[in-house]
Amino acid sequence: PICDDRDECREGNGASLCSGNLWCVNVPGSYICQCAAGYNVTGTETITATQVQGDRNFSSATSCTNVNECTQLSRTTMLCADNSHCVDVIGSFYCECNSGYRTNVSVATVAKSGNVT
């Protein structure tokens, strides 16, 4: 018989296979969990999947923690415009105007994809 890989993430509801800040990724013969964007791996386990060519090991995340983008990027990288500061939130960040300043609507509209508020 011809045997195809089973996508455990789609069949078994990936959210129940990998919970919290993890998302399910199908790999040949098994699945692994990876941290969602904005999170770092803090724990892993090895998953062995049997394939026609032999066993293959995959590293699967077991836990993740929030990345503080405001402190993780180098000081030369400008996350926020002048007169504003970075605010870390779970899984992301946003920029907020400093006290005494307000958002310039025309600039904020253009820079919306850069997390300007």
Atom CG in N66, atom CD1 in I90: separation rounded to 0.5 Å?
-> 4.5 Å
From the list N21, N40, L22, side chain to side chain contact (heavy atoms under 4.5 Å, CB included) partner of C35 resolves to L22
Correct closest heavy-atom pair for C24 and C18 would be CA-SG, 3.7 Å
Measure across G38 and E69 and return the closest heavy-atom pair with its distance rounded to 0.1 Å.
-> CA-OE2, 3.8 Å
Find the distance between OG1 (T65) and OH (Y39) and round it off to the nearest 0.5 Å.
-> 9.5 Å
Roughly how far, to the nearest 0.5 Å, is the CG atom of N68 from the CZ atom of F93?
-> 10.5 Å
Heavy-atom donor-acceptor pair, S84 side chain to A81 backbone, under 3.5 Å = yes
Using the rule that two of Ile, Leu, Val, Met, Phe, Trp, Tyr join whenever any of their side-chain heavy atoms come within less than 4.5 Å, decide whether W23 and V27 are in one cluster.
-> yes
Indicate the atoms forming the closest heavy-atom contact of Y31 with C9, along with that distance.
-> CB-SG, 3.9 Å
On a heavy-atom basis, the closest approach of T103 and C97 is N-SG, 3.4 Å
For N26 and D5, the nearest pair of non-hydrogen atoms, with its separation, is ND2-OD2, 2.5 Å
Take C70 and C86, measure what disulfide (SG to SG under 2.5 Å) needs, and give me the verdict at the end.
-> CA-CA 6 Å; C70 299; C86 182; 1.9 Å; yes
